[in-house]
Amino acid sequence: MARRALITGITGQDGSYLAEHLLREGYEVWGLARGQANPRVSRMRKLLADVQVVRGDLLDQGSLISAVERVQPDEVYNLGAISFVPMSWEQAELTAEVTGMGVLRMLEAIRVCSGVSRGGPAAGGQIRFYQASSSEMFGQVSETPQNERTGFHPRSPYGVAKAYGHFLTQNYRESYGMFAVSGILFNHESPRRGAEFVTRKVSLGVARIKLGLADELRLGNLEARRDWGFAGDYVRAMHLMLQAATPEDYVIGTGRMKSVRELAEAAFAAAGLDWERYVVTDQALHRPAEVDLLCADPKKARVQLGWEPTVSFDELVALMVESDLRLLSDGGDPDQDSSWP
Ligand code: NAP
Ligand code: F7E
(Lines give C-alpha, C1' and ligand atoms only; values in the text may rest on other atoms or scores of the structure.)
(Ligands and ions follow the chains in the order given, each with its own letter.)
Protein backbone atom coordinates (compact mmCIF):
# COMPACT_ATOMS: atom_id res chain seq x y z
CA MET A 1 0.00 0.00 0.00
CA ALA A 2 1.23 3.52 -0.82
CA ARG A 3 2.58 5.51 2.10
CA ARG A 4 0.42 8.51 2.98
CA ALA A 5 1.71 12.05 3.61
CA LEU A 6 -0.19 15.02 5.02
CA ILE A 7 1.26 18.46 4.18
CA THR A 8 0.18 21.70 5.87
CA GLY A 9 0.99 24.77 3.77
CA ILE A 10 0.15 22.91 0.56
CA THR A 11 -0.66 26.17 -1.29
CA GLY A 12 2.76 27.64 -0.52
CA GLN A 13 6.04 27.42 -2.42
CA ASP A 14 7.46 24.44 -0.49
CA GLY A 15 4.13 22.63 -0.30
CA SER A 16 3.96 22.44 -4.09
CA TYR A 17 7.53 21.18 -4.55
CA LEU A 18 7.23 18.70 -1.70
CA ALA A 19 3.94 17.33 -3.04
CA GLU A 20 5.49 16.82 -6.47
CA HIS A 21 8.47 15.08 -4.93
CA LEU A 22 6.36 12.75 -2.77
CA LEU A 23 4.03 11.90 -5.67
CA ARG A 24 7.09 10.93 -7.70
CA GLU A 25 8.18 8.74 -4.76
CA GLY A 26 4.84 6.91 -4.91
CA TYR A 27 3.10 8.52 -1.90
CA GLU A 28 -0.58 9.26 -1.58
CA VAL A 29 -0.41 13.00 -0.86
CA TRP A 30 -2.95 15.01 1.13
CA GLY A 31 -2.79 18.78 1.57
CA LEU A 32 -4.35 20.64 4.48
CA ALA A 33 -6.06 23.77 3.16
CA ARG A 34 -7.85 26.47 5.09
CA GLY A 35 -10.69 28.84 4.29
CA GLN A 36 -14.05 28.58 2.65
CA ALA A 37 -13.13 29.89 -0.79
CA ASN A 38 -9.34 30.08 -0.79
CA PRO A 39 -8.31 30.95 -4.39
CA ARG A 40 -4.84 29.49 -3.76
CA VAL A 41 -6.43 26.05 -3.31
CA SER A 42 -7.95 26.05 -6.81
CA ARG A 43 -4.64 27.23 -8.28
CA MET A 44 -2.80 24.49 -6.38
CA ARG A 45 -5.27 21.91 -7.70
CA LYS A 46 -4.48 22.91 -11.29
CA LEU A 47 -0.76 22.41 -10.66
CA LEU A 48 -1.12 19.30 -8.48
CA ALA A 49 -4.17 17.41 -9.70
CA ASP A 50 -3.21 14.26 -7.78
CA VAL A 51 -3.11 15.89 -4.35
CA GLN A 52 -6.17 15.28 -2.20
CA VAL A 53 -7.40 18.14 -0.05
CA VAL A 54 -8.53 17.99 3.56
CA ARG A 55 -9.89 21.12 5.23
CA GLY A 56 -8.20 22.44 8.34
CA ASP A 57 -6.54 25.42 9.97
CA LEU A 58 -3.50 25.63 12.25
CA LEU A 59 -5.61 27.93 14.46
CA ASP A 60 -8.22 25.22 15.03
CA GLN A 61 -7.21 22.19 17.12
CA GLY A 62 -10.34 20.17 16.32
CA SER A 63 -9.83 20.56 12.57
CA LEU A 64 -6.29 19.17 12.84
CA ILE A 65 -7.44 16.15 14.84
CA SER A 66 -10.17 15.50 12.24
CA ALA A 67 -7.63 15.84 9.41
CA VAL A 68 -5.23 13.34 11.00
CA GLU A 69 -8.10 10.93 11.77
CA ARG A 70 -9.35 11.14 8.20
CA VAL A 71 -6.01 10.89 6.37
CA GLN A 72 -4.28 8.40 8.71
CA PRO A 73 -0.89 9.65 7.53
CA ASP A 74 2.45 7.90 7.86
CA GLU A 75 4.22 11.27 7.64
CA VAL A 76 3.13 14.82 8.47
CA TYR A 77 5.02 17.83 7.09
CA ASN A 78 4.13 21.03 8.94
CA LEU A 79 4.91 23.78 6.41
CA GLY A 80 1.96 26.05 7.18
CA ALA A 81 2.93 29.41 8.70
CA ILE A 82 2.79 33.14 8.41
CA SER A 83 6.19 33.19 6.76
CA PHE A 84 6.84 36.79 5.69
CA VAL A 85 9.09 38.36 8.33
CA PRO A 86 7.85 42.00 8.03
CA MET A 87 4.27 40.85 8.50
CA SER A 88 5.25 39.32 11.83
CA TRP A 89 5.78 42.79 13.33
CA GLU A 90 2.44 44.01 12.01
CA GLN A 91 0.53 40.92 13.18
CA ALA A 92 2.70 39.57 15.96
CA GLU A 93 -0.07 37.81 17.87
CA LEU A 94 -1.42 36.08 14.76
CA THR A 95 2.12 35.02 13.87
CA ALA A 96 2.58 33.53 17.34
CA GLU A 97 -0.73 31.67 16.96
CA VAL A 98 -0.15 30.26 13.46
CA THR A 99 3.63 29.90 13.22
CA GLY A 100 4.22 29.03 16.90
CA MET A 101 1.08 27.60 18.52
CA GLY A 102 0.14 25.91 15.24
CA VAL A 103 3.05 23.52 15.83
CA LEU A 104 1.69 22.63 19.26
CA ARG A 105 -1.77 21.98 17.79
CA MET A 106 -0.37 19.76 15.03
CA LEU A 107 1.81 17.78 17.46
CA GLU A 108 -1.16 17.36 19.81
CA ALA A 109 -3.35 16.14 16.95
CA ILE A 110 -0.74 13.51 16.12
CA ARG A 111 -0.23 12.55 19.76
CA VAL A 112 -3.95 12.16 20.43
CA CYS A 113 -4.63 10.25 17.20
CA SER A 114 -1.64 7.94 17.81
CA GLY A 115 -2.84 7.14 21.33
CA VAL A 116 0.43 8.37 22.88
CA SER A 117 -0.46 9.06 26.51
CA ARG A 118 0.83 11.87 28.70
CA GLY A 119 1.67 9.88 31.81
CA GLY A 120 2.82 6.64 30.26
CA PRO A 121 6.17 5.53 28.92
CA ALA A 122 7.53 7.21 25.80
CA ALA A 123 5.68 4.96 23.37
CA GLY A 124 6.25 7.16 20.35
CA GLY A 125 3.47 6.33 17.88
CA GLN A 126 3.92 5.58 14.21
CA ILE A 127 3.37 8.97 12.56
CA ARG A 128 6.60 10.76 11.61
CA PHE A 129 6.53 14.56 11.95
CA TYR A 130 8.57 17.22 10.11
CA GLN A 131 8.64 20.82 11.40
CA ALA A 132 9.67 23.65 9.07
CA SER A 133 12.16 25.43 11.30
CA SER A 134 14.09 28.41 9.98
CA SER A 135 17.53 30.01 9.95
CA GLU A 136 15.70 33.14 11.21
CA MET A 137 15.98 31.51 14.66
CA PHE A 138 19.74 32.23 14.56
CA GLY A 139 18.97 35.93 13.97
CA GLN A 140 21.88 37.92 15.33
CA VAL A 141 24.37 35.15 14.79
CA SER A 142 26.90 34.09 17.41
CA GLU A 143 29.12 32.27 14.88
CA THR A 144 29.44 31.80 11.10
CA PRO A 145 28.59 29.46 9.49
CA GLN A 146 25.64 28.27 11.58
CA ASN A 147 25.17 24.58 12.42
CA GLU A 148 22.82 22.45 14.53
CA ARG A 149 24.56 23.50 17.75
CA THR A 150 24.61 27.28 17.10
CA GLY A 151 22.55 29.25 19.64
CA PHE A 152 19.40 31.20 18.76
CA HIS A 153 18.90 34.98 18.94
CA PRO A 154 15.80 35.62 16.82
CA ARG A 155 15.23 39.19 15.64
CA SER A 156 11.55 39.18 14.67
CA PRO A 157 8.26 37.87 16.07
CA TYR A 158 8.47 35.32 13.23
CA GLY A 159 11.89 34.08 14.40
CA VAL A 160 10.64 33.87 17.99
CA ALA A 161 7.56 31.87 16.94
CA LYS A 162 9.75 29.48 14.92
CA ALA A 163 12.06 29.00 17.92
CA TYR A 164 9.02 27.99 20.02
CA GLY A 165 7.94 25.46 17.39
CA HIS A 166 11.50 24.15 17.14
CA PHE A 167 11.93 23.56 20.87
CA LEU A 168 8.44 22.09 21.14
CA THR A 169 9.21 19.57 18.40
CA GLN A 170 12.36 18.54 20.30
CA ASN A 171 10.32 18.34 23.48
CA TYR A 172 7.68 16.03 21.98
CA ARG A 173 10.49 13.80 20.73
CA GLU A 174 12.04 13.69 24.21
CA SER A 175 8.76 13.52 26.19
CA TYR A 176 6.82 11.03 24.11
CA GLY A 177 9.43 9.28 21.98
CA MET A 178 7.75 10.64 18.86
CA PHE A 179 9.65 10.64 15.56
CA ALA A 180 9.52 14.45 15.38
CA VAL A 181 12.28 16.42 13.65
CA SER A 182 13.05 19.97 12.57
CA GLY A 183 14.76 21.03 9.39
CA ILE A 184 16.52 24.34 10.01
CA LEU A 185 16.24 25.60 6.46
CA PHE A 186 18.02 28.65 5.12
CA ASN A 187 16.36 30.84 2.45
CA HIS A 188 15.19 28.86 -0.54
CA GLU A 189 13.60 30.29 -3.61
CA SER A 190 12.06 29.44 -6.98
CA PRO A 191 9.76 30.82 -9.65
CA ARG A 192 6.94 29.87 -7.25
CA ARG A 193 8.24 32.11 -4.46
CA GLY A 194 5.77 34.71 -3.15
CA ALA A 195 6.21 38.11 -4.82
CA GLU A 196 6.86 39.80 -1.45
CA PHE A 197 10.19 38.01 -0.81
CA VAL A 198 13.29 39.77 -2.05
CA THR A 199 14.49 37.27 -4.70
CA ARG A 200 11.12 37.16 -6.44
CA LYS A 201 10.63 40.89 -6.01
CA VAL A 202 13.93 41.37 -7.81
CA SER A 203 13.27 38.82 -10.60
CA LEU A 204 9.82 40.34 -11.22
CA GLY A 205 11.27 43.87 -11.08
CA VAL A 206 13.92 42.98 -13.63
CA ALA A 207 11.32 41.38 -15.93
CA ARG A 208 9.04 44.44 -15.70
CA ILE A 209 11.91 46.82 -16.48
CA LYS A 210 13.15 44.66 -19.36
CA LEU A 211 9.65 44.59 -20.88
CA GLY A 212 9.17 48.35 -20.44
CA LEU A 213 6.48 47.92 -17.75
CA ALA A 214 8.46 49.73 -15.00
CA ASP A 215 11.46 52.01 -14.78
CA GLU A 216 12.75 51.41 -11.23
CA LEU A 217 12.91 48.80 -8.46
CA ARG A 218 12.62 49.92 -4.81
CA LEU A 219 14.53 47.84 -2.27
CA GLY A 220 15.41 48.10 1.43
CA ASN A 221 18.70 46.99 2.98
CA LEU A 222 21.13 46.08 0.18
CA GLU A 223 23.84 44.94 2.62
CA ALA A 224 21.89 42.04 4.19
CA ARG A 225 23.48 38.70 3.31
CA ARG A 226 21.67 35.41 2.92
CA ASP A 227 22.42 31.80 1.96
CA TRP A 228 20.00 31.33 -0.97
CA GLY A 229 19.25 27.90 -2.48
CA PHE A 230 16.63 26.30 -4.74
CA ALA A 231 13.38 25.13 -3.08
CA GLY A 232 13.23 21.95 -5.19
CA ASP A 233 16.49 20.81 -3.59
CA TYR A 234 15.35 21.62 -0.05
CA VAL A 235 12.14 19.56 -0.11
CA ARG A 236 14.24 16.46 -0.87
CA ALA A 237 16.01 17.11 2.44
CA MET A 238 12.67 17.24 4.30
CA HIS A 239 11.75 13.83 2.97
CA LEU A 240 15.18 12.36 3.72
CA MET A 241 14.96 13.52 7.34
CA LEU A 242 11.80 11.45 7.84
CA GLN A 243 13.43 8.36 6.29
CA ALA A 244 16.42 8.41 8.68
CA ALA A 245 16.91 5.65 11.25
CA THR A 246 16.81 8.12 14.16
CA PRO A 247 14.92 11.41 14.58
CA GLU A 248 17.40 14.30 14.42
CA ASP A 249 17.42 17.97 13.42
CA TYR A 250 19.42 19.18 10.41
CA VAL A 251 20.67 22.49 8.99
CA ILE A 252 19.94 22.79 5.27
CA GLY A 253 21.62 25.42 3.11
CA THR A 254 24.32 25.87 0.48
CA GLY A 255 27.13 27.18 2.69
CA ARG A 256 27.53 30.31 0.51
CA MET A 257 26.13 33.74 1.12
CA LYS A 258 25.46 36.73 -1.11
CA SER A 259 24.20 40.24 -0.38
CA VAL A 260 20.95 41.72 -1.66
CA ARG A 261 23.20 44.04 -3.70
CA GLU A 262 24.86 41.01 -5.36
CA LEU A 263 21.42 39.49 -5.95
CA ALA A 264 20.28 42.64 -7.77
CA GLU A 265 23.51 42.79 -9.76
CA ALA A 266 23.19 39.15 -10.90
CA ALA A 267 19.48 39.41 -11.73
CA PHE A 268 19.80 42.57 -13.83
CA ALA A 269 22.88 41.12 -15.54
CA ALA A 270 20.88 37.97 -16.42
CA ALA A 271 18.59 40.25 -18.47
CA GLY A 272 21.48 42.25 -19.92
CA LEU A 273 20.81 45.31 -17.69
CA ASP A 274 22.94 47.39 -15.30
CA TRP A 275 21.33 47.24 -11.84
CA GLU A 276 22.69 50.63 -10.73
CA ARG A 277 20.51 52.42 -13.29
CA TYR A 278 17.27 51.04 -11.85
CA VAL A 279 17.56 50.15 -8.15
CA VAL A 280 16.35 52.80 -5.70
CA THR A 281 16.76 52.27 -1.96
CA ASP A 282 13.84 53.04 0.31
CA GLN A 283 14.23 53.47 4.08
CA ALA A 284 10.59 52.39 4.57
CA LEU A 285 11.56 48.88 3.47
CA HIS A 286 14.17 48.48 6.23
CA ARG A 287 13.16 46.26 9.18
CA PRO A 288 12.90 47.30 12.87
CA ALA A 289 15.59 44.69 13.67
CA GLU A 290 17.58 43.19 10.79
CA VAL A 291 19.28 39.82 10.47
CA ASP A 292 22.54 40.96 8.92
CA LEU A 293 23.88 37.64 7.70
CA LEU A 294 23.03 33.96 7.55
CA CYS A 295 25.25 31.19 6.20
CA ALA A 296 24.66 27.47 6.66
CA ASP A 297 27.06 24.71 7.59
CA PRO A 298 25.15 21.78 6.00
CA LYS A 299 27.86 19.19 6.74
CA LYS A 300 25.66 16.99 8.95
CA ALA A 301 23.00 16.70 6.21
CA ARG A 302 25.67 15.88 3.63
CA VAL A 303 27.30 13.19 5.75
CA GLN A 304 24.24 11.61 7.39
CA LEU A 305 21.54 12.11 4.75
CA GLY A 306 23.67 12.27 1.60
CA TRP A 307 21.92 15.59 0.79
CA GLU A 308 23.55 18.18 -1.48
CA PRO A 309 22.13 21.23 -3.27
CA THR A 310 22.21 20.97 -7.08
CA VAL A 311 21.41 24.55 -8.18
CA SER A 312 23.96 27.37 -7.76
CA PHE A 313 23.10 30.96 -6.87
CA ASP A 314 23.72 32.18 -10.44
CA GLU A 315 21.62 29.36 -11.90
CA LEU A 316 18.80 30.10 -9.45
CA VAL A 317 18.77 33.82 -10.26
CA ALA A 318 18.86 33.14 -14.01
CA LEU A 319 16.01 30.63 -13.83
CA MET A 320 13.83 33.02 -11.80
CA VAL A 321 14.46 35.94 -14.17
CA GLU A 322 13.77 33.78 -17.24
CA SER A 323 10.58 32.45 -15.69
CA ASP A 324 9.27 35.94 -14.84
CA LEU A 325 10.14 37.27 -18.31
CA ARG A 326 8.07 34.42 -19.75
CA LEU A 327 5.23 34.91 -17.26
CA LEU A 328 4.89 38.66 -17.88
CA SER A 329 5.30 38.29 -21.67
CA ASP A 330 2.37 35.85 -21.58
CA GLY A 331 0.23 38.35 -19.62
CA GLY A 332 0.43 36.53 -16.25
CA ASP A 333 -0.39 38.36 -13.00
CA PRO A 334 2.14 37.41 -10.31
CA ASP A 335 0.82 39.99 -7.82
CA GLN A 336 -2.68 38.70 -7.52
CA ASP A 337 -2.16 37.48 -3.97
CA SER A 338 0.52 39.87 -2.79
CA SER A 339 -0.27 43.32 -1.45
CA TRP A 340 3.19 43.97 -0.04
CA PRO A 341 5.41 46.71 -1.52
P1 NAP B 1 4.68 30.17 2.00
O2 NAP B 1 4.82 30.08 0.51
O3 NAP B 1 4.47 31.51 2.63
O4 NAP B 1 3.46 29.22 2.42
C5 NAP B 1 2.89 29.30 3.69
C6 NAP B 1 1.71 28.34 3.75
O7 NAP B 1 1.12 28.41 5.05
C8 NAP B 1 0.59 28.64 2.75
O9 NAP B 1 0.19 27.44 2.13
C10 NAP B 1 -0.55 29.15 3.64
O11 NAP B 1 -1.82 28.81 3.15
C12 NAP B 1 -0.28 28.36 4.91
N13 NAP B 1 -0.97 28.92 6.07
C14 NAP B 1 -0.96 30.20 6.50
N15 NAP B 1 -1.76 30.34 7.58
C16 NAP B 1 -2.28 29.10 7.84
C17 NAP B 1 -3.18 28.60 8.81
N18 NAP B 1 -3.73 29.39 9.75
N19 NAP B 1 -3.48 27.28 8.78
C20 NAP B 1 -2.96 26.46 7.83
N21 NAP B 1 -2.11 26.89 6.87
C22 NAP B 1 -1.77 28.20 6.88
O23 NAP B 1 5.93 29.51 2.72
P24 NAP B 1 7.11 28.58 2.11
O25 NAP B 1 8.17 29.46 1.57
O26 NAP B 1 6.50 27.53 1.28
O27 NAP B 1 7.69 27.96 3.46
C28 NAP B 1 7.17 26.75 4.01
C29 NAP B 1 7.49 26.71 5.49
O30 NAP B 1 8.89 26.73 5.67
C31 NAP B 1 6.95 27.86 6.32
O32 NAP B 1 6.63 27.36 7.58
C33 NAP B 1 8.12 28.81 6.43
O34 NAP B 1 8.01 29.61 7.58
C35 NAP B 1 9.26 27.82 6.50
N36 NAP B 1 10.55 28.26 5.99
C37 NAP B 1 10.66 28.80 4.75
C38 NAP B 1 11.90 29.14 4.24
C39 NAP B 1 12.06 29.69 2.85
O40 NAP B 1 13.12 30.25 2.55
N41 NAP B 1 11.08 29.51 1.96
C42 NAP B 1 13.04 28.95 5.03
C43 NAP B 1 12.90 28.40 6.31
C44 NAP B 1 11.66 28.04 6.77
P45 NAP B 1 -2.92 29.85 2.60
O46 NAP B 1 -2.93 29.66 1.12
O47 NAP B 1 -4.18 29.39 3.22
O48 NAP B 1 -2.51 31.22 3.02
O1 F7E C 1 14.36 39.07 2.90
C2 F7E C 1 16.33 42.20 2.60
C3 F7E C 1 15.62 41.94 3.92
O4 F7E C 1 11.91 38.77 2.80
C5 F7E C 1 15.73 38.73 2.73
C6 F7E C 1 11.34 33.65 4.65
O7 F7E C 1 11.11 32.57 3.77
O8 F7E C 1 13.70 33.21 4.70
C9 F7E C 1 12.74 34.20 4.42
O10 F7E C 1 12.90 35.32 5.27
C11 F7E C 1 16.61 39.93 3.04
C12 F7E C 1 16.28 40.66 4.35
O13 F7E C 1 13.42 36.79 3.36
C14 F7E C 1 14.04 44.07 0.50
O15 F7E C 1 15.81 43.05 4.82
C16 F7E C 1 16.09 44.23 1.13
O17 F7E C 1 17.46 40.94 5.03
O18 F7E C 1 13.34 37.63 1.08
P19 F7E C 1 13.18 38.08 2.46
P20 F7E C 1 13.79 36.59 4.90
O21 F7E C 1 13.29 37.71 5.74
O22 F7E C 1 15.23 36.25 4.98
C23 F7E C 1 13.68 32.72 6.06
C24 F7E C 1 14.75 31.66 6.19
C25 F7E C 1 12.34 32.29 6.49
O26 F7E C 1 12.19 31.40 7.30
C27 F7E C 1 11.19 33.16 6.09
O28 F7E C 1 9.95 32.47 6.19
O29 F7E C 1 16.41 40.90 2.01
N30 F7E C 1 15.60 43.11 1.69
N31 F7E C 1 15.15 44.84 0.40
C32 F7E C 1 14.32 42.97 1.32
N33 F7E C 1 13.41 42.02 1.59
C34 F7E C 1 12.18 42.15 1.06
N35 F7E C 1 11.26 41.20 1.30
N36 F7E C 1 11.84 43.21 0.26
C37 F7E C 1 12.73 44.21 -0.06
O38 F7E C 1 12.42 45.16 -0.76
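Atoms within a ligand are numbered from 1 in the order they appear, just like the ligands themselves.
With a 6.0 Å cutoff to the six-membered ring centre and a 45° limit on the axis angle, Arg200 does not count as a cation-pi contact of Phe197.
The distance criterion of under 3.5 Å between nitrogen or oxygen atoms is met by Gly220 with respect to ligand 2. Below 3.5 Å of separation, one finds an N or O of Arg193 facing an N or O of ligand 2. For Glu290, a nitrogen or oxygen atom sits less than 3.5 Å from a nitrogen or oxygen atom of ligand 2, counting backbone and side chain alike.
Salt-bridge formation is not detected for the pair Lys299/Glu308: no Lys NZ or Arg NE/NH1/NH2 atom is positioned less than 4.0 Å from an Asp or Glu carboxylate oxygen. Between Glu223 and Arg261 there is a salt bridge, since a side-chain N of the basic residue sits under 4.0 Å from a carboxylate O of the acidic one. One finds no salt bridge joining Arg3 and Glu28 here, because no Lys/Arg side-chain nitrogen approaches an Asp/Glu carboxylate oxygen to under 4.0 Å. The residues Glu97 and Arg105 are annotated as salt-bridged, a charged nitrogen and a carboxylate oxygen being separated by less than 4.0 angstrom. Between Asp249 and Arg173, at least one side-chain N (NZ, or NE/NH1/NH2) sits under 4.0 Å from a carboxylate O, which counts as a salt bridge. The existence of a salt bridge linking Lys300 and Glu248 is confirmed by a sub-4.0 Å separation between a basic side-chain nitrogen and an acidic carboxylate oxygen. By the 4.0 Å N-to-carboxylate-O rule, Glu136 lies close enough to Arg226 to be salt-bridged with it.
Screening residues 238-267 for ring-ring contact (aromatic ring centres under 6.0 Å, His included), with sequence neighbours left out, gives His21-His239, Tyr27-His239. Annotation: side-chain hydrogen bond (donor to acceptor under 3.5 Å, both in side chains) contacts involving residues 273-286, sequence neighbours excluded, comprise Arg218-Asp282.
Heavy atoms from both the backbone and the side chain of Leu219 come within less than 4.0 Å of ligand 2. Contact annotation: for Ala224 versus ligand 2, heavy atoms closer than 4.0 Å belong to the side chain alone. Of all the heavy atoms of His286, none lies under 4.0 Å from any atom of ligand 2, so neither backbone nor side chain is involved.
The ligand atoms of ligand 2 that sit less than 4.0 angstrom from a heavy atom of Ser134 are 23 (C), 24 (C), 25 (C), 26 (O). Those atoms of ligand 2 that come under 4.0 Å of a heavy atom in Glu136, given as number and element, are 22 (O), 23 (C). The distance from ligand 2 to the heavy atoms of Ser135 drops below 4.0 Å at these ligand atoms: 24 (C). Of all atoms in ligand 2, numbered sequentially from 1 with element shown, those under 4.0 Å from a heavy atom of Val85 are 10 (O), 21 (O). Taking every heavy atom of Phe84 and a limit of under 4.0 angstrom, the matching atoms of ligand 2 come to 4 (O), 35 (N). Against a heavy-atom cut-off of under 4.0 Å, Ser83 is close to the following atoms of ligand 2: 6 (C), 27 (C), 28 (O).
Residues Arg34 and Arg55 fail the side-chain proximity criterion, which asks for heavy atoms closer than 4.5 Å. Within the 4.5 Å cutoff, no side-chain heavy atoms of Met87 are placed close to those of Trp89.
One option in Val291, Val198, Val260, Asn187 has a heavy atom closer to atom 32 (C) of ligand 2 than any other, and that option is Val198. With distances taken over non-hydrogen atoms, the option nearest atom 4 (O) of ligand 2 out of Arg287, Arg218, Met137, Arg225 is Arg287.
The hydrophobic cluster containing Leu293, built from Ile/Leu/Val/Met/Phe/Trp/Tyr side-chain heavy atoms closer than 4.5 Å, also comprises Met137, Phe138, Val141, Phe152, Phe167, Ile184, Phe186, Val251, Met257, Val291, Leu294.
Residues lining ligand 1 at a heavy-atom distance below 4.0 Å are given as Gly9, Ile10, Thr11, Gly12, Gln13, Asp14, Arg34, Asn38, Arg40, Asp57, Leu58, Leu79, Gly80, Ala81, Ser83, Val98, Ala132, Ser133, Ser134, Tyr158, Lys162, Leu185, Phe186, Asn187, His188, Arg193, ordered by chain and residue number.
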